[in-house]
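Below: one structure, written as structure tokens.
Every heavy atom of this structure was used, including side-chain atoms; hydrogens, water molecules and symmetry mates were not. Indexing begins at 1, ligand by ligand and atom by atom, following the structure's order.
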Amino acid sequence: MPGAIHAEGLVKTFGEVRALDGVDLDVPEGTVLGLLGPNGAGKTTAVRVLTTLLRPDSGTAVVAGVDVLKYPNEVRRSIGLSGQFAAVDEYLTGRENLRMVGQLYQMGAREAKSRADELLERFHLADAADRTAKTYSGGMRRRLDLAAALVVSPPVMFMDEPTTGLDPRNRQALWEVIQELVAGGTTLLLTTQYLEEADHLAHDICVIDRGKVIARGTSDQLKARIGGERVEVVVHEREHIAVAEHVLSVLGKGETTVREHTRKVTVPVVGGAKLLAEVIRELDTRGVEIDDIGLRRPTLDDVFISLTGHGAEDGGLDNGLESGLANGAHEGGK
Ligand SMILES: Nc1ncnc2c1ncn2[C@@H]1O[C@H](COP(=O)(O)OP(=O)(O)OP(=O)(O)O)[C@@H](O)[C@H]1O
Ligand SMILES: [Mg+2]
């Protein structure tokens, strides 16, 4: 498995915090794993361990066929990393930064130049290419850091929240570059806080929370677990709730949920927008007046609420007592 990532039982503590609390990860060669989790979940810590930047307290990891703890230098030769915190040289221009990476990897001068130009173009940095990175905005730095990670294409790549802070156009550009890389056989582990991104790019998704893997599977499997797409209808009259519930239970794929006080009826669906139109027609035929109707896709928050009983944001991770209580609740909930 020259391109695979395999980790078992990774534990890393920082004082009281168990940043990684027994994490197993498997990324088959040529696939993308999306490591999904809220702030403080342990994503960056996992990436740092796998990229040899941090030694775990215990556990094992093999990247590109090499033991990460025993032969870190060898692992470094087979991997690329783009971090959450940009590693660009402030005093070099964008172009110089990229050429320097090429040279570090022993590319010929001409190849390094053309690769640098191509990446500057793709990440919309061509106009700023000859300014020092010091003068770049936050989003420009992120893009330069990503470009630097892409100068060479090692068999295994790690990207820590690659699209955080990118505008939609640059996010799209990065998604395209990532898809090309993977089509070329690269194995990729990327972290993200966006379910949509993991959904779009990753073959497999691993959800972590407080240093533990709380769910894994393909995006479809996870969506099936958390309910996937739903149609939500808010009816105008309380008396119409029952009719709406009937319509949704016939057209939907699963159990309906009714919130009496908000007059909201929800049902899991397959078939998205087309089905939405059908729901509207059916309700109209039955004379049900609608205040609001929509197709809701699950968000990271839905994943967390459904898997852990708490939202992604209300973790209280910096408060030992609160997180201790919440962890207790996890165990009890299972
Ligand atoms: N060097 C460190 N010293 C002390 N605590 C640390 C250190 N690095 C990480 N932690 C703690 O470990 C936990 C996991 O942090 P990590 O950076 O891995 O989270 P993350 O999932 O990457 O979060 P984010 O989405 O904010 O980037 C957090 O509680 C964090 O405060
Ligand atoms: Mg992080």
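- The contact set between ligand 1 and P38, taken as ligand atoms under 4.0 Å from a residue heavy atom, comprises 21 (O), 25 (O).
- Neither the backbone nor the side chain of A46 has a heavy atom within less than 4.0 Å of ligand 1.
- A donor-acceptor pair under 3.5 Å links the side-chain atoms of T186 to the main chain of L181, judged by distance alone.
- For the 3.5 Å distance criterion, the side chains of D130 and T93 fail to qualify, holding no donor opposite an acceptor.
- At least one N or O atom of E161 sits closer than 3.5 Å to an N or O atom of ligand 1.
- Shown in contact with A41 at under 4.0 Å from a heavy atom are these atoms of ligand 1, numbered in order with element: 19 (O), 20 (P), 21 (O).
- In plain terms, the two heavy atoms of A133 and N97 that are nearest each other are CB-ND2, 4.1 Å.
- Between A19 and ligand 1, a contact under 3.5 Å exists for no N or O pair.
- Annotation: side chain of E118 is not in contact with side chain of K113 (no heavy-atom distance under 4.5 Å).
- Between the side chain of K264 and the main chain of V258, no donor-acceptor pair closer than 3.5 Å is present.
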Check the pair H203 / T218 against side-chain contact (heavy atoms from CB on, under 4.5 Å), numbers first and verdict last.
-> CA-CA 6 Å; H203 299 97; T218 63; over 6 Å; no

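- The residue among G15, G211, G40 with a heavy atom at the shortest distance from atom 14 (C) of ligand 1 is G40.
- At a 3.5 angstrom cut-off on N or O pairs, F14 does not count as close to ligand 1.
- Here the side chain of R18 pairs no donor or acceptor atom with the backbone of V11 at under 3.5 angstrom.
- T44 lies close to the Mg ion (ligand 2), since one of its N, O or S atoms is found at a distance under 2.8 Å.
- Ligand 1 has at least one atom lying under 4.0 Å from a heavy atom of G42.
- Of all the listed residues (V17, N39, T44), T44 holds the heavy atom that lies closest to atom 17 (O) of ligand 1.
- Counting heavy atoms only, K43 comes closest to atom 20 (P) of ligand 1 of the residues K12, K43, Q193.
- Note that R115 lies outside the cation-pi zone of Y105, set by a 6.0 Å cut-off to the ring centre and a 45° limit from the axis.
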